[in-house]
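Data block below; observations after.
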Amino acid sequence: MRPANDVQGRDPGASRLLVKSDLVSWIRRLMDDAEVIAPAAGAGGDLMFGPVTDPASVWLGPGNPLQPPKQFVLPQTDPIVRIERNGGGVQVSSISDERARVIFGMRSCDARGMAYLRRMQATDLPDDSYLRRADRIAVVTLACTTPCTLGFCVCCDAGPFARDGHDVQLVDLGDRFLAEGATERGRAMVADAPFRPATQGDVVRRDELEREAERHFGDESAHLGAAMRRISTRRVAEELWEAMSPWCFECGGCNFICPTCYCFSVKDRCQDHGWERCRTWDSCQYSAFTLEASGHNPRERRKERIKRRFFHKVSAQYYQRDGAVGCVGCGRCVQTCLGTTDMPAVVAAIRKGVWHG
Amino acid sequence: MGDLFLPEVARIASMRDETPDTRTFALRLRDDRRHDSFSFRPGQFLELSVFGFGEAPFCFASSPTRPDSIETTVRRTGQLTNALHTLAVGDEVGLRGPCGNGFDVEAARGKDLLFVGGGIGLPPLRGLIWNVLDERDRFGRIQILYGARTPTDLVYKDELRTWAARGDLELLVTVDRGESGWTGNVGMVPTLFDKTELRPATTLAYVCGPPIMIKFVVQDLLMRGFAEESVISTLERMMQCGVGKCNHCAIGHCYICRDGPVFNFKQIRELVE
Ligand SMILES: Cc1cc2nc3c(=O)[nH]c(=O)nc-3n(C[C@H](O)[C@H](O)[C@H](O)COP(=O)(O)OP(=O)(O)OC[C@H]3O[C@@H](n4cnc5c(N)ncnc54)[C@H](O)[C@@H]3O)c2cc1C
Ligand code: SF4
């Protein structure tokens with residue numbers, strides 16, 4: 001657990017206050033300049049991220065949508081190149097989406113997930129159109145003063161309060177929010193009325209809430225580290241992966257709802273006068289993911305694919321390459337998995353050397 | 001590389017059938033200036049778009065010393081390659097690249113070179129072979145050993161004759177099964193090793209072909225005294241993006257499209273799933 005922040009040394013200007021009755025008018029003001037995306041109850045009652053039409057419908061209570069907000073930086077089907085046929089031949093052009101957007105009410109785990117995706121797209125050969133889109137998105141997180149039931153963000157250093165990936169963090173103080181501007185853009189968003197300066201007491205309360213929230217998780221933070229050591233040195237018995245494999249149904253759900261998964265395929269989609277080349281989400285748990293035209297498949301067996309997923313997420317090799325573990329502890333795979341090969345279960349199995357199914 | 005996924009439009013300048021299912025395409029970027037400034041290394045690959053069918057990786061089969069055309073030799077095996085084979089001279093395709101690391105031609109300077117190709121594995125070597133032949137005096141002895149299933153499956157048949165006629169290299173060709181009229185060697189590629197003199201201490205061996213052939217050839221070369229670092233190959237994996245983002249070609253934390261496709265055998269041994 002990290003030491004309490006030094007209240008005295010903190011920039012007082014960075015912490016602002018918003019009384020809850022002003023929330024709707026603030027969201028409305030953000031909507032003037034940008035598309036605002038926030039959790040709200042969908043048609044069937046499920047919580048979902050979507051563009052806000054009515055600021056009063058924005059849900060800042062407990063719970064996090066099953067679909068992370070990744071679809072707004074990496075859409076499930078993402079047009080990247082326009083291919084047009086006209087008299088003079090084929091014309092190709094990049095498609096980019098540089099709408100100004102605010103994702104509002106995101107949790108710290110998802111903010112970490114977005115930061116992870118951005119870093120991934122920025123390293124080695126940078127994908128500029130991804131970066132332009134991601135950089136036009138301001139992130140307003142809501143600190144988890146009451147941790148969610150399945151999350152384990154403390155194990156991944158990704159919560160329950162945000163430390164990166166956000167522009168503004170809101171902390172629920174009862175009748176008001178503490179609003180912390182983490183970036184220049186974020187500080188500008190909370191600079192004017194109805195925001196007012198926070199008091200020393202508010203900031204002290206915020207820190208108490210953070211420590212209380214962290215205490216809720218118990219002392220679990222060693223688990224990923226132990227699994228990382230074994231996976232990185234390939235000291236996980238083959239039989240263990242084998243034992244897990246009947247417990248995955250290859251639905252791909254874990255990948256699709258994971259805030260850090262980004263594997264994709266590329267397809268041309270028919271349009272008027274040509275095609276749109278799209279990147280589409282793909283899953284490393286599918287056998288066709290590595291199937292070559294010759295019929296040869298280097299990861300033919302399910303255990304090899306499960307091993308691959310966890311090597312990418314928690315090996316030291318990837319930790320060094322990507323600068324973070326590929327898990328943010330949101331707990332969505334626990335909720336989604338048709339079987340039981342979710343992150344906490346597999347990490348526990350690796351640590352203990354046995355699989356209980 | 002500007003926009004990571006944006007292909008450039010190229011035209012098929014000419015085509016040549018190599019075998020019943022394999023064809024060589026010479027491509028020319030539609031924009032002359034771009035074509036003239038396009039550069040690549042042998043062993044690198046391009047992402048070729050057949051519009052409406054997506055993209056797939058194919059290695060450069062031509063040499064950068066002959067910049068007039070960019071060539072690639074493609075076997076018909078699935079959706080995109082089938083569609084490519086229906087195109088005609090003058091048709092437009094997309095070209096993105098070059099991708100991957102390529103062969104280190106500088107490091108081969110002054111060395112004896114042994115090329116071992118199997119079937120459709122000759123194209124990546126062909127680019128390097130012409131590169132080396134066009135700068136012949138910078139390299140030592142050159143041996144080319146090539147095998148295919150049948151004489152019909154041999155690619156670049158004209159060039160094999162041209163190479164055979166040159167006095168400054170040794171070419172040995174074999175087929176697994178002869179056909180009527182075939183008077184050459186019959187047997188798997190490794191059987192050619194006994195028909196020539198190998199000099200492991202001074203030679204770099206470049207091996208490309210189907211995985212099973214690579215396995216036997218490399219085993220044989222190591223037994224005959226080649227160092228693992230001196231045996232160089234290209235790896236193939238399912239790829240979608242060619243630029244290290246889509247994750248299909250990852251082995252461990254290496255990406256065949258970025259860290260490869262060219263590796264020496266010591267590196268290949270260290271790649272763990
Ligand atoms: C670095 C590299 C160099 C290659 N060089 C050549 C070459 O010079 N000549 C040649 O004939 N073939 C080459 N291949 C193999 C070639 O890419 C596949 O044959 C081709 O992708 C098959 O596409 P398809 O659409 O016809 O097949 P489908 O089976 O319909 O495949 C659909 C898609 O899957 C992917 N895919 C399938 N098989 C492979 C594969 N083996 N490798 C990579 N992606 C695959 C492609 O994106 C393809 O478009 C190379 C592969 C790699 C990785
Ligand atoms: S969610 Fe579970 S069942 Fe589905 S692919 Fe992932 S591990 Fe397998």
Side-chain angles (χ1 to χ4, degrees), chain A residues 80-85 89-96 120-121 123-130 232 234 261-270 274-275 277-280 282 284 288-299 304-305 307-308 311-312 315-322, chain B residues 1-11 30 47 49-56 75-83 90-96 99 120 210-212 235-259 271-273:
Chain A
I80 47 179
V81 175
R82 183 168 295 113
I83 302 162
E84 281 167 306
R85 258 182 155 158
V90 172
Q91 304 302 327
V92 291
S93 52
S94 288
I95 301 176
S96 56
M120 161 59 213
Q121 301 295 341
T123 48
D124 189 19
L125 299 173
D127 178 354
D128 292 332
S129 57
Y130 179 97
S232 314
R234 293 175 164 96
C261 276
Y262 56 85
C263 296
F264 61 87
S265 286
V266 179
K267 303 262 175 323
D268 286 0
R269 181 167 71 178
C270 212
W275 299 272
R277 177 157 295 164
C278 301
R279 99 175 111 192
T280 61
D282 204 342
C284 61
F289 191 76
T290 46
L291 178 64
E292 294 161 22
S294 62
H296 174 241
N297 190 347
R299 287 201 286 275
E304 293 157 347
R305 303 194 286 275
K307 185 178 171 183
R308 167 69 199 163
F311 184 81
H312 193 176
S315 70
Q317 287 87 337
Y318 268 102
Y319 183 82
Q320 269 161 15
R321 188 188 149 111
D322 294 342
Chain B
M1 211 188 252
D3 278 335
L4 208 47
F5 294 100
L6 187 65
E8 295 185 67
V9 178
R11 289 209 178 93
R30 197 169 63 186
E47 281 285 342
S49 300
V50 179
F51 298 119
F53 294 85
E55 293 182 306
R75 173 144 76 189
R76 218 164 6 95
T77 53
Q79 285 194 25
L80 181 139
T81 48
N82 274 322
D91 282 350
E92 290 178 329
V93 293
L95 193 158
R96 194 161 61 83
C99 306
I120 184 79
I212 186 75
L235 291 186
E236 204 177 301
R237 274 292 175 118
M238 157 66 131
M239 275 178 200
Q240 289 285 327
C241 76
V243 286
K245 303 292 184 203
C246 77
N247 259 299
H248 286 265
C249 72
I251 302 183
H253 66 298
C254 284
Y255 288 79
I256 301 307
C257 70
R258 294 291 300 146
D259 305 309
L271 291 174
V272 190
E273 286 280 0

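When reading the values below, keep in mind they use all heavy atoms of this one structure, side chains included, and skip hydrogens, waters and symmetry mates. Note on naming: letters A, B, ... go to the chains in the order of the sequence lines (proteins, then strands), and numbering restarts at 1 for each one.
Proximity to chain B is limited to the backbone of L291(A), based on heavy atoms less than 4.5 angstrom apart. With a 4.5 angstrom heavy-atom cutoff, T81(B) does not touch chain A via any of its atoms. Both the backbone and the side chain of F289(A) come within contact range of chain B, with heavy atoms under 4.5 Å apart. Residue D322(A) does not touch chain B at all, counting heavy-atom pairs closer than 4.5 Å. If you measure heavy-atom distances from F53(B) to chain A, the contacts under 4.5 Å come from the backbone alone. Interface remark: S93(A) contributes backbone atoms only to the contact with chain B (heavy atom separation under 4.5 Å). For a residue to count as touching a neighbouring chain, one of its non-hydrogen atoms must lie under 4.5 Å from one of that chain's; by this rule R30(B) touches chain A with the side chain only. Neither the backbone nor the side chain of R269(A) comes within contact range of chain B, judged by heavy atoms closer than 4.5 Å. Proximity to chain B is absent for every atom of A316(A), based on heavy atoms less than 4.5 angstrom apart. Residue R85(A) does not touch chain B at all, counting heavy-atom pairs closer than 4.5 Å. Contacts of A250(B) with chain A are made by both backbone and side-chain atoms, with heavy-atom separations under 4.5 Å. Neither the backbone nor the side chain of Q320(A) comes within less than 4.5 Å of any heavy atom of chain B. Heavy atoms closer than 4.5 Å to chain B are found nowhere in R82(A), neither backbone nor side chain. With a 4.5 angstrom heavy-atom cutoff, V92(A) touches chain B via backbone and side-chain atoms both. Both the backbone and the side chain of C263(A) come within contact range of chain B, each with at least one heavy atom under 4.5 Å from a heavy atom of that chain.
Put simply, of V90(A), V81(A), I83(A), the one with the most heavy-atom pairs under 4.5 Å next to chain B is V90(A). Of the listed residues (R279(A), K307(A), E304(A), H312(A)), the one with the most heavy-atom contacts under 4.5 Å to chain B is H312(A). Across I95(A), T290(A), N297(A), D127(A), the residue that shares the most heavy-atom pairs under 4.5 angstrom with chain B is D127(A). Interface summary for chain B: among P298(A), A293(A), S315(A), S129(A), the most heavy-atom pairs under 4.5 angstrom belong to P298(A). Contact tally against chain B (heavy-atom pairs below 4.5 Å) for F311(A), Y262(A), Y318(A): the top residue is Y318(A).
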As a quick check of understanding, evaluate salt bridge (charged side-chain N to carboxylate O under 4.0 Å, His left out) for D124(A) and R258(B), giving each step before the final call. CA-CA 9 Å; D124(A) 189 19; R258(B) 294 291 300 146; 2.6 Å; yes
